[in-house]
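Being a predicted model, the structure only gives us computed values, none of them experimental.
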Amino acid sequence: MALPNLTVLFICAFVALGALIFGMDGGYFSGVLAMDNFARTFGSLQQSGEYEISSTRQSFMTSFPYVGQFLAAIFGGFIGNLTGRRWGLFLMCIACVMGVLMQIFAKNVALLVAGRFFNYCAIGFATVFVPMYQAETAPPAFRGVMITMYQFNVVVGSFLISIVDNFTAKIHGSASWKIPVGVLLCLPVLILPGLSVIPESPRWLVKKGKIENAKRALLVLHRGEESFDVDSEIKLLMHSVHHQEELNLAGGTYLDCFRGTNLRRTAIACLIQVWQQFTGVSFIFNYGTVFFTRVGVSQPFTITIITNLVNVLGTVISFFVVDRIGRRPLLLVGCVIMFIGHVSVGTCGVISDHHSANHSAQIGVVVFTLIYVLGFASTWGPLGWVITSEISNNMVREKTQGLGSATNILFSWVVTFSLPYLLNDDKAGLGAKVAFIYAGLTLCGLVYVWFYVPETRGIALEDLDAIFEQKVPTRKFNSYQLQVALRRAGTLDDAEVKTEEEPAGAQTHTLELKSEVMHIHGKKG
């Protein structure tokens, strides 16, 4: 399998920087909640003489910003369809700047939460536009790796900000929590200048009838590829758009996401995001430091750094397996690993409750949490976004991506809102035993993948359209891949003969398509 050209690799990597906003925004607050000055500023004095933030206020501060993320994801579909992917990335940067400045100058909970609201708007735009742009520009054989860059930068951002939290936690004063917030400003400074240079998505340009602009974008993305035929590629994209117009999907409305075979595709895109959250990721990364403190683990900030480091390593592993092993096997294996991790954490929590000074149980909580994180980061973390980006129809991709992102946000909010009430002593006080809840939900996720999530590895986005139209069963997608690709190539040949003389190189492109698909299936055996 030949490597993609460096231009595509660089552009996809650059766009993935937007995911750093997700990781750093979502990650810094876990450590900040455990900082003394933050509690003094936004908490209340207790009878013990210490300042604490109540479960109700914690829940409000951590969960309300998800409203901004949800709205950004929903309206991101409109913005992406109307103005393109680059303008969506621009709005992501502006929302990030506004949110950071509001939080830095916040002296009350209202302004702090308002700032987090705008930061989560930035996250919402990132969840829509980063993986969607990558899915539409990356070559099929490397699409999984390219989209995984999104999740990789999410976990890198979370890891880097946890290190900042660890060092600033020792500062006496508001700088302890304002510095981690201010670090986020470096991201728009890096991203904004590059947005004027990278090309718009060729698929979006073709859908909008901007054919010459689409050709220029394709030539930038495929710079240095001598065998690339831009006219043949444009015809392929136009064929896909015209076919969708024949199916009355030209408008690309949200209602179209639930019509015909798109209903199945939208359901897959949304439900994969539901179960990604129900595996308990927000349990670890939104409340990790507080959780480790609650169960009596020493040096909770250091453990949080280690947790984020394992998260990074797990995502690196996914780079090497996502386009080799496939989506379904990794999701199923991930469920098993995460289930074992959750059950073991919960068991250690039971032991620790009966023997509060049991140091081995506390170590067990840390070790099995790391096992869970490794399982999530190498499978469900990146693959939730890979599946959502790949599965949607080209005519409604931005809206399906928006619905998938909004679903992820909604259920992330459900988990984040409920956790303080389940975790803390002033409410249910489950502590580590809350992991049993996520163990059961993870098991349900395994059943969902087995019956409903198809294998999309190596299948061109246009081929997926045809496969879904044939209503192929979930576990038979691979067997239809060669058949659909060859039929599509034949359809294009017929259309070209009827309309105009085939341009030089188009036959070569078609033969290369057939050869490539046969090569892929030959490797699968």
Side-chain angles (χ1 to χ4, degrees), residues 4-19 21 72-73 75-95 122 124-140 142-143 146-147 149-150 188 190-225 228-242 244-245 250-252 385 388-390 392-402 405 460-462:
N5 71 72
L6 293 179
T7 302
V8 170
L9 185 64
F10 174 80
I11 290 174
C12 286
F14 170 77
V15 171
L17 289 176
I21 291 176
F75 285 103
F78 289 108
I79 294 168
N81 183 55
L82 184 65
T83 65
R85 294 23 172 163
R86 291 192 304 171
W87 274 105
L89 294 169
F90 175 80
L91 289 177
M92 172 192 73
C93 293
I94 297 303
F125 288 132
T127 61
V128 173
F129 294 110
V130 174
M132 180 167 58
Y133 184 94
Q134 292 172 319
E136 293 183 340
T137 56
F142 290 88
R143 192 172 58 232
M146 296 299 180
I147 301 173
M149 285 184 182
Y150 169 84
L190 286 173
I191 297 170
L192 283 171
L195 292 179
S196 62
V197 179
I198 66 171
E200 182 55 85
S201 162
R203 283 181 168 85
W204 179 81
L205 291 169
V206 168
K207 187 169 70 171
K208 292 299 180 179
K210 300 179 180 182
I211 305 304
E212 291 304 316
N213 289 344
K215 287 183 178 180
R216 285 193 290 269
L218 285 168
L219 290 173
V220 172
L221 291 169
H222 295 273
R223 182 177 297 159
E225 295 183 26
F228 178 72
D229 187 327
V230 67
D231 292 323
S232 181
E233 187 70 18
I234 286 291
K235 284 195 173 186
L236 176 59
L237 295 178
M238 290 178 65
H239 171 76
S240 176
V241 170
H242 292 158
Q244 297 306 321
E245 287 175 345
W385 300 108
T388 299
S389 300
E390 292 179 327
S392 55
N393 186 301
N394 185 48
M395 297 304 294
V396 291
R397 176 163 290 112
E398 59 278 322
K399 292 179 175 61
T400 305
Q401 184 77 34
S405 299
L461 298 179
E462 287 71 29

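The list of salt bridge (charged side-chain N to carboxylate O under 4.0 Å, His left out) pairs with a residue in residues 76-94, not counting sequence neighbours, reads Arg85-Glu136, Arg85-Glu398.
Among all heavy-atom pairs drawn from Val130 and Gly18, the shortest one is CG2-CA, 4.2 Å. Residues Ile21 and Ala122 come closest through the heavy atom pair CG2-CB, 4.0 Å. Between Thr7 and Arg223, the shortest heavy-atom contact is OG1-CB, 3.9 Å. Scanning both residues, Pro202 and Leu221, for their nearest heavy atoms gives CG-CD1, 3.6 Å. Listed here is the closest heavy atom pair of Leu89 and Val15: CD1-CG1, 4.1 Å. Closest non-hydrogen pair, Leu192 versus Cys93, comes out as CD2-CB, 3.6 Å.
Listed by chain and residue number, Arg143, Arg327, Thr456 satisfy the side-chain hydrogen bond (donor to acceptor under 3.5 Å, both in side chains) test with Glu390 (two or more places apart in sequence, or in another chain). Here Phe10 pairs with nothing under the ring pair (Phe, Tyr, Trp, His ring centres under 6.0 Å) rule; sequence neighbours left out. Applying the side-chain hydrogen bond (donor to acceptor under 3.5 Å, both in side chains) test to Arg216 and every residue at least two apart in sequence or in another chain returns Asn213. Remark: Phe90 engages Trp87 in a ring pair (Phe, Tyr, Trp, His ring centres under 6.0 Å) (not counting sequence neighbours). Partners of Thr137 by side-chain hydrogen bond (donor to acceptor under 3.5 Å, both in side chains), not counting sequence neighbours: none found.
In the model, Thr400 has no side-chain atom that pairs as donor or acceptor with a side-chain atom of Ser392 under 3.5 Å.
With contacts defined as side-chain heavy-atom distances shorter than 4.5 Å, the pair Val230/His222 does not qualify. Put simply, the side chain of Tyr133 does not reach to within 4.5 Å of the side chain of Ser389, judged on heavy atoms. Looking at Met238 and Ile211, their side chains come closer than 4.5 Å, going by heavy atoms from C-beta outward. Under the 4.5 Å side-chain criterion, counting only non-hydrogen atoms from C-beta, Phe129 is not in contact with Leu91. Taking 4.5 Å as the limit, some side-chain heavy atom of Arg203 sits within range of a side-chain heavy atom of Arg397. Looking only at side-chain heavy atoms (C-beta outward), Asn393 and Val396 come within less than 4.5 Å of each other.
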Chi angles and distances behind the side-chain hydrogen bond (donor to acceptor under 3.5 Å, both in side chains) call for Gln401, Thr388: CA-CA 6 Å; Gln401 184 77 34; Thr388 299; 5.7 Å; no
side-chain contact (heavy atoms from CB on, under 4.5 Å) evaluation trace for Asp231 with Lys215: CA-CA 8 Å; Asp231 292 323; Lys215 287 183 178 180; 3.3 Å; yes
side-chain contact (heavy atoms from CB on, under 4.5 Å) assessment of Lys207 paired with Asn81: CA-CA 9 Å; Lys207 187 169 70 171; Asn81 183 55; 3.6 Å; yes
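Within the 3.5 Å criterion, the main-chain N or O of Trp204 finds no donor-acceptor partner in the side chain of Lys210. Panel note: side chain Thr127, backbone Ser405; no donor-acceptor pair is recorded below 3.5 Å.
Note that the CE atom of Met149 and the SG atom of Cys12 stand 6.5 Å from one another [nearest 0.5 Å].
By the neighbour-count criterion of 12 heavy atoms within 6.0 Å, atom CZ of Phe14 is densely surrounded, having more than that number from other residues, nucleotides or ligands.
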